[in-house]
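Please read the structure below before turning to the comments.
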Protein chains: 2
Amino acid sequence: MSEAPAVAVSTVIFTLRPDDDGNVRLAVALVRRIRAPYEGLWALPGAPLDSNDDLQTAAASALYTTTGLEPRYLEQLYAFGQVDRSPDRIISIVYWALVGADEAAAARENDNVAWFFADAIPPLAFDHSLIAEYALWRLRTKVEYSRVALGFLPETFTLAQLREVYEVVLGKQLDPGNFRRMVESADIVQPTGLRLAGTPHRPPQLYRYNPTRDLTDPDPLTRVASASDTGNRDDIRTLGAAS
Amino acid sequence: MSEAPAVAVSTVIFTLRPDDDGNVRLAVALVRRIRAPYEGLWALPGAPLDSNDDLQTAAASALYTTTGLEPRYLEQLYAFGQVDRSPDRIISIVYWALVGADEAAAARENDNVAWFFADAIPPLAFDHSLIAEYALWRLRTKVEYSRVALGFLPETFTLAQLREVYEVVLGKQLDPGNFRRMVESADIVQPTGLRLAGTPHRPPQLYRYNPTRDLTDPDPLTRVASASDTGNRDDIRTLGAAS
DNA sequence: CCAAAAGTGTTTTAATTACACCCATGC
DNA sequence: GCATGGGTGTAATTAAAACACTTTTGG
């Protein structure tokens, strides 16, 4: 009889950041492994699950430990448990998170913690390459039918900024006019009445996200979480389950 | 310091079965708890994770133990790990499964194992009521954009049977003509060329599911699973991840 | 006035829905 | 023939995409 499987929680952390040419791109936070196995390789941030922590708390804490940031959005991705995915039997419960582009710019980064552009992720330890790819897929599909994109933006923003988030995540240009109508009819945001001044063109309206609506439409899990809020941080806009 | 969390795997098993009036309805398999806590209450079938089993194997085995059946479709639902969801700290990795209506009719059933109609599930042990509700939500949303409905049907079937599955799961009537066109354009099934005889009306065509397509469109996880098939049962039509 | 992005309007296209109607069989 | 569900056709509605055009600012 072998030992009981160990449980770990990891988080795929996404943000937006400009590359050297000034183009905004999707980026993922990775940590370098400092011990065997896969010593020296990059991996997803994570830690063994502390028995006193909820899964979501553990995921947020992995995020905080590596970046010093709080998630704007946090959702469970999948539980990985193939017997041979690691030398020891480890069940990894993986979350994915969005952090604000503004905050991430100031996030810590060093030899062992770094941001990688999503289209240039190096080979990762364990099955983490597959996990990262899956998280990316989930982000992209979810952007199309939910409001998670707001998780990258600060409190107020212009529609052009919001559209840029969609364009970067989806990897394609969007028609400004149609985008505006889509956003308005989906009731995603509220106008603040303020305008952004100082532009060399017509000053755009500033919007904020609609606080009466969650970033995703509520599935039964999210509904329970927001109804009987059991000590969850209220700076995470949704605690949503998968969907 | 408390002990390491234990890992269990449970499965929400769906099938279709007729009620006393002969109406086909969605049903879930439950087992009665024979020990504390929640002794006597109904619960989802499951078991502690054996260190030698993959998660999916464990889910299929929970299914087999309770019903004696093999899943036609099996997908991970969610990992539940709230600290207070059980007296001991237990991380439950939950799968959901579809079994054929024809086979389920012959499945074992006794004082401690029974099928309950999905709209009449009794209060369950632990947080299993919430889990069952979430699985139901996932099944319903997934039926709308994938081909999982085929998981309820035998090898060959008529379009009317397939439509009935959709109607029962979604809880609404569908237009036969439009349904036919939807199925044809989505390339869900293949005509067998055979016809069902003995009806008091025009004999319908028999179809089989399209084996060149999976029951769900492949996300990165499913794609890997089917490409490098690592000992998965080939009678499960997809090993799909969540989506 | 010009450049540039904000913002509005209109046309085209495609997908969805609603519903009328014919077809083929057992009785 | 007639009742019944199988199967086809078509018009109406709605949503998505394409794209022209007007507005408002800084320089």
Side-chain angles (χ1 to χ4, degrees), chain A residues 18 22-24 140-147 149 153-154 156-208 210 217, chain B residues 18 22-24 140-141 143-147 149 153-154 156-210 217:
Chain A
N23 300 317
V24 172
R140 289 196 167 122
T141 55
K142 199 135 193 175
V143 159
E144 295 203 283
Y145 68 87
S146 78
R147 297 167 285 286
L153 293 174
T156 65
F157 47 84
T158 67
L159 283 192
Q161 290 179 290
L162 181 57
R163 177 163 47 86
E164 182 178 42
V165 173
Y166 276 76
E167 289 178 339
V168 166
V169 172
L170 299 176
K172 64 180 179 190
Q173 299 278 108
L174 299 174
D175 180 276
N178 293 339
F179 182 79
R180 162 180 301 273
R181 269 184 295 262
M182 181 277 283
V183 166
E184 279 167 354
S185 73
D187 200 25
I188 292 180
V189 296
Q190 297 178 321
T192 62
L194 300 175
R195 291 184 170 280
L196 183 67
T199 57
H201 55 272
R202 178 174 175 174
Q205 174 94 225
L206 281 170
Y207 292 82
R208 85 174 100 250
N210 184 345
D217 283 319
Chain B
N23 300 316
V24 172
R140 290 195 168 122
T141 55
V143 160
E144 295 202 284
Y145 68 87
S146 79
R147 297 167 285 286
L153 293 175
T156 64
F157 47 84
T158 67
L159 283 192
Q161 290 178 291
L162 181 58
R163 178 162 46 85
E164 183 178 42
V165 173
Y166 275 76
E167 289 179 339
V168 167
V169 172
L170 298 177
K172 64 180 181 192
Q173 299 278 107
L174 298 174
D175 180 278
N178 293 339
F179 182 79
R180 162 180 300 274
R181 268 184 295 262
M182 182 277 283
V183 166
E184 279 167 354
S185 73
D187 200 25
I188 292 180
V189 296
Q190 297 177 322
T192 62
L194 301 174
R195 291 183 172 281
L196 182 67
T199 57
H201 56 273
R202 177 174 175 176
Q205 174 95 226
L206 280 171
Y207 293 81
R208 85 174 102 253
Y209 83 98
N210 184 344
D217 282 320

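Note: hydrogens, waters and symmetry copies are ignored here, and every other heavy atom, side chains too, is used. For clarity, every value in this text was computed on a predicted model and none was experimentally measured. Chain A is the first sequence line, chain B the second, and so forth, proteins listed ahead of strands; every chain is numbered from 1.
For A:D175, the salt bridge (Lys or Arg N to Asp or Glu O under 4.0 Å) criterion is met by no residue, not counting sequence neighbours. Taking A:A186 as the reference, A:I188 meet the side chain to side chain contact (heavy atoms under 4.5 Å, CB included) condition, with sequence neighbours excluded. Qualifying ring pair (Phe, Tyr, Trp, His ring centres under 6.0 Å) partners for A:F157, counting only residues two or more places apart in sequence or in other chains: none. Every residue two or more places apart in sequence or in another chain was checked for a side chain to side chain donor-acceptor pair (under 3.5 Å) with A:R208, and none qualifies. In this view, B:E184 and B:R180 satisfy the salt bridge (Lys or Arg N to Asp or Glu O under 4.0 Å) rule, not counting sequence neighbours. Looking at residues two or more places apart in sequence or on another chain, you find no salt bridge (Lys or Arg N to Asp or Glu O under 4.0 Å) involving B:D187.
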TODO: Determine, for nucleotides 21-27 of chain D in 5'-to-3' order, which nucleotides have protein heavy atoms under 4.0 Å from the base (write B), from only the sugar-phosphate (write S), or from neither (write -).
DONE: --BBBS-
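Heavy-atom contacts of chain A under 4.0 Å fall on DNA chain C between two terminal nucleotides, which in 5' to 3' order are C:dA3 to C:dT10.
Nucleotide D:dA16 holds its P atom 15 Å from the CG atom of A:L170, rounded to whole Å.
Using a 4.0 Å heavy-atom cutoff across all strands shown, A:A197 reaches no nucleic acid atom at all.
A donor-acceptor pair is defined here as one N or O able to donate and one able to accept, closer than 3.5 Å; no such pair exists between the side chain of B:E144 and the backbone of B:T141.
The list of ring pair (Phe, Tyr, Trp, His ring centres under 6.0 Å) pairs with a residue in residues 173-200 of chain B, not counting sequence neighbours, reads B:Y166-B:F179.
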What pairs of donor and acceptor atoms, side-chain ones from residues 189-199 of chain B against any protein atom, are under 3.5 angstrom apart with sequence neighbours left out?
unit_1	atom_1	unit_2	atom_2	d
B:T192	OG1	B:L194	N	3.0
B:T192	OG1	B:L206	O	2.7
B:R195	NH1	B:P203	O	2.8
B:T199	OG1	B:H201	O	2.8

Show every donor-acceptor pair shorter than 3.5 Å between a side-chain atom in residues 167-174 of chain B and any protein atom, with sequence neighbours excluded, or say none if there are none.
unit_1	atom_1	unit_2	atom_2	d
B:E167	OE2	B:L174	N	2.9

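Taking a 4.0 Å limit (strictly below) on heavy-atom distances, residues 171-185 of chain B reaches DNA chain D at B:G177, B:R180, B:R181.
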